[in-house]
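For reference, the structure discussed in these notes is given below.
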Amino acid sequence: MKLFEKNAAELSEMLQKKECSAAELTKDVLSQIEMKESSVGAYVTCCQDCLEQAEKIDNARAAGEELHPLAGIPLGIKDNISTKGIRTTCSSRMLENYVPPFDATVVQAVRKTGMIITGKMNMDEFAMGGSTEYSYFKKTRNPWELNKVPGGSSGGSAAAVAANMVPWALGSDTGGSIRQPASFCGVVGLKPTYGLVSRFGLVAFASSLDQIGPITKDVKDAAILLNVIAGHDEKDSTSENINSKDYTQCLQNNVKGLKIGVPKEYFEEGINQEVKEKLQETIKKYKELGAEIEEFSLDIADYALATYYIIACAEASSNLGRFDGIRYGYRTKNYSNLKELYRNSRSEAFGSEVKRRIILGTYVLSSGYYDAYYKKAQQVRTLVQKEFDEAFKKYDVLLTPTSPTVAFKIGERSNNPLEMYLADICTVPVNIAGLPAISIPIAVDSNGMPIGMQLIGNRFEEEKILNAAYTLEQEIKFREKHKPTLQEGE
């Protein structure tokens with residue numbers, strides 16, 4: 001197995017035992033980027049000093065300095081997470097040339113370990129989309145089949161991990177933007193509890209929903225990276241101050257007695273038949289492993305999608321108001337007065353999906369509609385949270401599909417926003433309730449495309465979903481059996 005094919009845990013062990021060097025590993029990863037980037041389109045910006053960073057790590061290790069176990073391992077960062085001195089564009093013309101003067105809190109944590117940032121990953125513009133077709137710079141393609149989307153908005157992160165163009169990456173999840181691309185690309189995606197990971201330095205889409213999390217090759221790597229980025233941050237008013245945990249310690253490979261609830265609403269109309277069948281096989285496997293499975297009703301979930309899009313678009317309208325051609329971002333050259341400056345700057349620099357959501361968000365916040373839409377959506381949000389609270393009085397974790405379908409063809413849904421939004425139906429309730437959830441690949445369909453399973457946990461109980469996912473992963477061995485069609489040399 002080549003270095004670039006290994007997961008981060010294996011690479012960490014090899015580096016510490018000096019079985020490989022950080023420079024060798026980085027060269028291997030950079031060779032994959034050079035070979036595959038023209039096909040996949042996962043990166044917006046590649047860092048030019050990767051090898052220089054790697055050589056410094058090797059010199060420090062040779063000198064006997066005490067280094068973090070993850071020092072020298074490459075990492076990709078989604079392009080809406082602030083990186084000092086590295087262009088951060090949110091895949092938008094609005095921020096095309098923005099180079100931040102500061103690091104996001106998660107990036108500070110990453111740099112302290114000595115991990116090597118390979119670059120910034122492509123995404124749907126301002127994280128608004130589910131296919132990574134709405135980037136200003138390029139469309140990202142799915143390494144399993146290049147005419148399919150990788151999912152979104154963290155599609156660049158997921159595609160790069162799947163194609164061995166980086167061992168792991170950070171994404172952000174507002175309504176499924178880590179989990180859905182992880183499902184489409186056959187990798188692991190973890191959306192932590194809202195407040196567990198600092199949002200300071202994450203360019204806001206919807207502030208009450210956004211959360212940074214890891215996209216990795218397996219569950220153990222997700223636990224390792226969560227250890228790095230989790231923790232209280234005074235610079236983030238929504239950050240929770242809870243006792244720190246070592247999430248790798250919960251990976252016990254044992255689910256005997258675990259109570260798993262299966263919401264029947266997630267298996268009804270709109271869910272692809274093959275996805276249902278593979279999920280049912282997974283449920284049987286959990287039973288064989290000693291878990292207790294029970295179907296139940298989570299009917300408020302039917303209202304979650306509408307609730308999500310009202311709240312998310314309202315917050316997006318507010319957050320993106322700062323990009324006006326004066327305070328931040330792109331400024332048009334075509335104006336003769338202040339009104340034209342505002343209008344033309346935003347019209348020229350925002351893409352169609354961002355404009356669509358700003359218009360919808362502004363509408364639901366406007367006088368005469370606020371009570372009917374935004375206020376009502378917040379009330380329904382409370383009901384969704386209460387219904388999940390009731391479910392977790394009875395069950396340890398909940399099991400659902402990650403997405404109603406496997407990855408669809410590029411261009412198939414880009415002209416039908418409603419159909420695109422329906423792809424989020426399994427993931428958005430988690431963000432509305434502020435819960436943790438993980439997607440892991442469980443099988444492929446008849447066309448060889450990955451199918452993902454989602455496990456949802458109660459607030460700050462990441463260890464339960466991580467262990468449940470890890471136990472199943474050890475049993476089904478997805479990575480050993482299935483690989484993307486985009487192999488080395490293509």
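We number each residue from 1, following the sequence as shown. Computed from a prediction, not measured in an experiment: that's the story for all the values here.
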Okay, side chain of [X], backbone of [Y]: is any donor-acceptor separation there less than 3.5 Å?
X      : Y      : answer
Gln454 : Cys426 : yes
Thr89  : Glu96  : no
Lys481 : Ile476 : yes

Using side-chain heavy atoms (C-beta onward) and a distance below 4.5 Å, is [X] in contact with [Y]?
X      : Y      : answer
Ile81  : Leu170 : yes
His68  : Lys112 : no
Tyr43  : Met121 : yes
Ile215 : Ser154 : yes
Pro214 : Asp221 : no
Ile271 : Thr405 : no
Arg199 : Tyr194 : yes

Handout entry: Crowding at NZ, Lys27 (>12 non-hydrogen neighbours, <6.0 Å)
Key = no
Problem - Lys245 NZ: over 12 foreign heavy atoms closer than 6.0 Å - result: yes
Practice task
Could you walk me through whether Lys2 and Glu5 pass salt bridge (charged side-chain N to carboxylate O under 4.0 Å, His left out), step by step?
Solution key: CA-CA 5 Å; Lys2 304 281 178 61; Glu5 293 178 316; over 6 Å; no
Problem - Lys/Arg-Asp/Glu bridge criterion (N-O < 4.0 Å) met for Lys138, Glu37 - result: yes
Exercise for the section: Before accepting this row, confirm whether a basic side-chain N of the pair Asp396/Lys259 lies closer than 4.0 Å to the acidic partner's carboxylate O. Expected result: no
Problem - Val406 to Pro450 - nearest heavy-atom pair and separation - result: CG1-O, 3.4 Å
Practice task
Could you tell me which non-hydrogen atom of Ser157 sits nearest to which non-hydrogen atom of Gly171, and how far apart they are?
Solution key: OG-CA, 4.4 Å
Problem - Verdict with reasoning, Thr132 to Asn122, per side-chain hydrogen bond (donor to acceptor under 3.5 Å, both in side chains) - result: CA-CA 7 Å; Thr132 316; Asn122 198 30; over 6 Å; no
Exercise for the section: Show your working on salt bridge (charged side-chain N to carboxylate O under 4.0 Å, His left out) between Glu268 and Lys264 and close with a plain yes or no. Expected result: CA-CA 7 Å; Glu268 292 176 349; Lys264 63 183 182 182; 5.7 Å; no
Practice task
Answer with yes or no whether the side chains of Ser446 and Glu274 bring together a donor and an acceptor at under 3.5 Å.
Solution key: yes
Problem - salt bridge (charged side-chain N to carboxylate O under 4.0 Å, His left out) evaluation trace for Glu281 with Lys285 - result: CA-CA 6 Å; Glu281 289 175 18; Lys285 184 66 69 177; over 6 Å; no
Exercise for the section: Please report the C-alpha distance between Phe184 and Lys148 in whole Å, then the side-chain angles of each, then the deciding distance to 0.1 Å, and finally whether the side chain to side chain contact (heavy atoms under 4.5 Å, CB included) criterion is met. Expected result: CA-CA 9 Å; Phe184 282 8; Lys148 301 280 179 72; over 6 Å; no
